[in-house]
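Here's the structure we're looking at; comments come further down.
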Amino acid sequence: MDVALGGTFDPIHDGHRKLFKRAFELGDVTIGLTSDELAPKTRHVKRHIRPYELRKEELNYELETLAIDHNREFEIRPLTEPTGIATEPQFDTLVVSPETQKGGERVNEIRYDRGHEPLEIVVVPHIMAEDGDVISSTRIRNEEIDEHGTVLDN
């Protein structure tokens, strides 16, 4: 099975790791990593985003062990538009978080218009920080929590 997953992943945290793990459980994984041009346009809150090459290097490091553990292949490709790689015909499944589920539904509309089969959309629930709120890159950047959801004393 060919699985697509997309995001900015800056910084990577346990919520992302849960997405990655689920994707590798399902098949070989292609990750669309938002380009430097697209990344700021996908943010709900304006914040600094590290350059694509740095994010790709960190993502590659995270994925290598998972790929070996699941005997899967993976590829990281630039994502230049929000619906990105998942509109391509070779994919069977799209792994999303709850807030990106609607984007997955939009991907299937585009696939339908292009004559492609719809993707199975697998929604992976959020991981909560110890304070009961969602682990997010924004919260990590704001130094509220660490990558595992531990609340930081500021």
Electrostatic pair R17-E147, nearest N-O below 4.0 angstrom: yes

Strictly distance-based, threshold 3.5 Å: is any side-chain N or O of H116 a donor or acceptor partner for the main-chain N or O of Y112? no

Salt-bridge criterion met for R139 and D131 (N-O under 4.0 Å): yes

I'd like to know if the side chain of D36 reaches the main chain of P51, judged simply by a donor and an acceptor atom lying under 3.5 Å from each other, with no hydrogens or angles considered. no

Are V151 and V134 co-members of a hydrophobic cluster defined by side-chain heavy atoms under 4.5 Å apart? no

Would you find a donor on one side and an acceptor on the other, under 3.5 Å apart, between the side chain of D10 and the backbone of R50? yes

Mind checking the OG1-CZ spacing from T87 to R106? Nearest 0.5 Å is all I need. 10.0 Å

Going hydrophobic residue to hydrophobic residue with side-chain gaps under 4.5 angstrom, can you get from L19 over to V122? yes

Would you call E53 and K56 a salt bridge, using N to O less than 4.0 angstrom? no

Tell me if a side-chain donor or acceptor on T93 pairs with a main-chain N or O of V3 at a distance below 3.5 Å. no

Say you draw a straight line from CD1 of I127 to OG of S97; how long is it, rounded to the nearest 0.5 Å? 11.5 Å

Closest heavy-atom pair and its distance - A4, I85: CB-CD1, 4.3 Å

Any donor-acceptor pair under 3.5 Å from D28 side chain to F74 backbone: no

Locate the shortest heavy-atom distance separating A129 from G149; write the atom from each residue and the value. CB-O, 3.2 Å

V95 and I12: same hydrophobic cluster, using ILVMFWY side-chain contacts below 4.5 Å? yes

Stepwise side-chain contact (heavy atoms from CB on, under 4.5 Å) test for D146 and L152: CA-CA 7 Å; D146 69 11; L152 301 176; 4.2 Å; yes

Determine whether F20 and V124 fall in the same hydrophobic cluster, where Ile, Leu, Val, Met, Phe, Trp and Tyr are linked whenever their side-chain heavy atoms lie under 4.5 Å apart. yes

Just verifying a value: how many Å separate L33 CG and L5 CG, rounded to the nearest 0.5 Å? 10.0 Å

Shortest non-hydrogen contact between L26 and M1, atoms and distance: O-CB, 3.5 Å

Measure from the side-chain N and O atoms of R111 to the backbone N and O of E88, and report whether any donor-acceptor pair falls under 3.5 Å. yes

Please check if the side chain of R55 supplies one atom and the backbone of T8 the other of a donor-acceptor pair under 3.5 Å. yes

Non-hydrogen atoms of S35 and T80 that approach each other most closely: OG-CA, 4.1 Å

Could you tell me the separation between the CG atom of L59 and the CD1 atom of I76, rounded to the nearest 0.5 Å? 4.0 Å

To the nearest 0.5 angstrom, please state how far the CE atom of M128 sits from the CD1 atom of I135. 9.0 Å

Can you tell me if H16 uses its side chain to pair, donor with acceptor, with the backbone of H13 under 3.5 Å? yes

Counting only heavy atoms not in E117 (residues, nucleotides, ligands), do more than 12 fall under 6.0 Å from its CD? no

Quick check for you: to the nearest 0.5 Å, what is the distance between T30 atom OG1 and D2 atom CG? 6.5 Å

Is the closest basic N to carboxylate O distance between D69 and K21 below 4.0 Å? no

Would you indicate whether the side-chain heavy atoms of F9 and I31 approach each other to under 4.5 Å? yes

Near E75 CD, under 6.0 Å, is it more than 12 heavy atoms from other residues, nucleotides or ligands? yes

Decide if atom CD of E105 counts as having more than 12 heavy atoms of other residues, nucleotides or ligands within a radius under 6.0 Å. yes

V123 and F91: same hydrophobic cluster, using ILVMFWY side-chain contacts below 4.5 Å? yes

H48 versus R141, closest heavy-atom pair with distance: O-NE, 3.8 Å

Within the distance-only criterion (no hydrogens, no angle test), does the side chain of R72 pair as donor or acceptor with the backbone N or O of F24 below 3.5 angstrom? yes

Walk me through it: do L63 and V29 pass the test side-chain contact (heavy atoms from CB on, under 4.5 Å)? CA-CA 10 Å; L63 299 177; V29 178; 5.9 Å; no

Ignoring hydrogens and geometry, is there a side-chain-to-backbone donor-acceptor pair from T100 to G103 under 3.5 Å? no

